[in-house]
Amino acid sequence: MINNKVIYWSIFIHNQWKMHLAATSEGLCYVGSNNKGFKELLIWAKSKLPDYVMKQDDEKCRPYADELAEYFNRKRMAFNFPVDCHGTEFQLSVWKALRNIPYGDTFSYSDIADIIQKPNSVRAVGAAIGANPILIAIPCHRVIGKNRKLTGYRGGLEMKKQLLILEKESLNIEKITEK
């Protein structure tokens, strides 16, 4: 009997970035924090997909790693690969809204609550954003406090800051090359 419940994982390394990636047959399901160990992925997998087996497979993860490398090289502003999200209906609605935040832009938690038509659920939106398993591809780093300050991020505030700087610099380079 073939087990279709497999989480394929790999380590993505690009310059100072090192993170674990994981995918199912349906798409990318996990992007880890920068420079965190395998344990972070393992804890997530055991809690969200306990019936799945883990298998290291760099080839299965290559399409996701390639697009992430293009993102870090400032050659990609959006991802084309499928994602396989595992969360509550509310979390899925928040993560869908996050995917619509334009590259290089930032929204507040209350903006996201308004987008999903739950304006009184700002704290729940924050919790859903904090539970996002697919960093970067579901760009929770683009959500900041209403006061324009950086707020919590699973990968740490330094990672969030670096991702926002990368996107802003990329947009500035693009504007210069258009002239």
Side-chain angles (χ1 to χ4, degrees), residues 6-36 38 40-45 47-49 52 54 57-88 90-107 109 111-112 115-116 125-144 150-171:
V6 178
I7 299 172
Y8 303 101
W9 67 272
S10 182
I11 299 174
F12 171 78
I13 300 174
H14 183 79
N15 297 328
Q16 85 260 19
W17 300 96
K18 179 181 179 184
M19 54 197 74
H20 285 81
L21 306 180
T24 66
S25 60
E26 302 299 313
L28 186 69
C29 64
Y30 184 86
V31 175
S33 305
N34 190 32
N35 291 313
K36 293 283 172 124
F38 182 71
E40 182 189 39
L41 167 58
L42 196 57
I43 290 169
W44 173 83
S47 71
K48 297 300 179 187
L49 301 172
Y52 283 63
M54 303 282 290
D57 192 325
D58 297 337
E59 278 308 306
K60 291 251 191 222
C61 293
R62 184 165 316 284
Y64 311 110
D66 288 348
E67 286 196 27
L68 279 168
E70 290 171 358
Y71 169 85
F72 284 113
N73 286 329
R74 298 183 172 106
K75 295 182 187 312
R76 173 172 296 278
M77 294 182 179
F79 297 100
N80 295 325
F81 50 67
V83 294
D84 185 15
C85 296
H86 296 270
T88 66
F90 181 80
Q91 288 172 328
L92 294 173
S93 71
V94 170
W95 300 340
K96 182 179 178 183
L98 296 178
R99 291 189 80 187
N100 291 317
I101 300 174
Y103 180 93
D105 203 354
T106 55
F107 283 31
Y109 294 90
D111 292 335
I112 301 300
I115 288 167
I116 65 167
V125 164
I129 290 171
N132 171 23
I134 311 175
L135 299 182
I136 304 167
I138 297 179
C140 56
H141 62 276
R142 296 179 189 155
V143 180
I144 60 174
L150 295 186
T151 54
Y153 186 67
R154 176 169 54 94
L157 290 183
E158 185 58 31
M159 181 178 177
K160 183 174 190 167
K161 178 180 171 185
Q162 291 302 315
L163 294 170
L164 291 171
I165 289 169
L166 179 136
E167 292 183 9
K168 294 288 186 194
E169 287 176 350
S170 179
L171 289 174

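These values consider heavy atoms only, across backbone and side chains, with no hydrogens, waters or symmetry-generated copies.
We find the CG-NZ distance between L41 and K36 to be 13.5 Å, quoted to the nearest 0.5 Å. Rounding to the nearest 0.5 Å gives a distance of 10.0 Å between CD1 of I136 and CZ of R142. Here the CG atom belonging to L92 is positioned 11.0 Å from the CD1 atom belonging to I116, to the nearest 0.5 angstrom. Note that the CD1 atom of I134 and the CZ atom of F81 stand 8.0 Å from one another [nearest 0.5 Å]. The distance from atom CG of D57 to atom CD1 of I7, rounded to the nearest 0.5 Å, is 13.0 Å. Rounding to the nearest 0.5 angstrom, the gap separating the CD1 atom in I138 from the SG atom in C85 is 3.5 Å.
Between V83 and R99, the shortest heavy-atom distance links the atoms CG2-NH1, 3.1 Å. Of all heavy-atom pairs between P82 and Y64, the closest is O-CE2, 3.9 Å. Counting all heavy atoms, side chain and backbone alike, R74 lies closest to L166 at NE-O, 3.6 Å. Between M77 and S170 the shortest heavy-atom distance is CE-OG, 4.4 Å. Among all heavy-atom pairs drawn from M54 and A45, the shortest one is SD-CB, 3.7 Å. Considering all non-hydrogen atoms of both residues, C140 and L135 come closest at SG-CD2, 3.7 Å.
Partners of N34 by side chain to side chain donor-acceptor pair (under 3.5 Å), not counting sequence neighbours: none found. The ring-ring contact (aromatic ring centres under 6.0 Å, His included) check on F12 picks up F72, with sequence neighbours excluded. Residues that satisfy the side chain to side chain donor-acceptor pair (under 3.5 Å) test with D111, not counting sequence neighbours, are S108. Partners of T151 under the side chain to side chain donor-acceptor pair (under 3.5 Å) rule, at least two apart in sequence or in another chain, are Y109. Taking the side-chain contact (heavy atoms from CB on, under 4.5 Å) definition, one finds that P63 meets it with nothing, sequence neighbours left out. Here A131 pairs with Q91, W95 under the side-chain contact (heavy atoms from CB on, under 4.5 Å) rule; sequence neighbours left out. Every residue meeting the ring-ring contact (aromatic ring centres under 6.0 Å, His included) condition with Y71, not counting sequence neighbours, appears here in chain and number order: F79. Every residue was checked against the ring-ring contact (aromatic ring centres under 6.0 Å, His included) condition with Y103, not counting sequence neighbours, and none meets it.
Sorted by first and then second residue, the pairs that involve residues 60-71 and meet salt bridge (charged side-chain N to carboxylate O under 4.0 Å, His left out), not counting sequence neighbours, are E59-R62, E67-R76, E70-R76. Sequence neighbours left out, the pairs with a member in residues 10-20 that pass side-chain hydrogen bond (donor to acceptor under 3.5 Å, both in side chains) are S10-D58, H14-N73. Applying the side-chain hydrogen bond (donor to acceptor under 3.5 Å, both in side chains) rule to pairs touching residues 130-141 yields H141-E167, sequence neighbours excluded. Residue pairs that meet the salt bridge (charged side-chain N to carboxylate O under 4.0 Å, His left out) test with at least one member in residues 152-165, sequence neighbours left out, are E40-R154.
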Exercise. Check the pair I129 / Y153 against side chain to side chain contact (heavy atoms under 4.5 Å, CB included), numbers first and verdict last.
Key: CA-CA 9 Å; I129 290 171; Y153 186 67; over 6 Å; no

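Aromatic ring pairs are classed by plane angle as parallel below 30°, tilted from 30° to 60° and perpendicular above 60°; the pair W44 and H86 is perpendicular.
The closest side-chain heavy-atom distance from L150 to L164 is below 4.5 Å.
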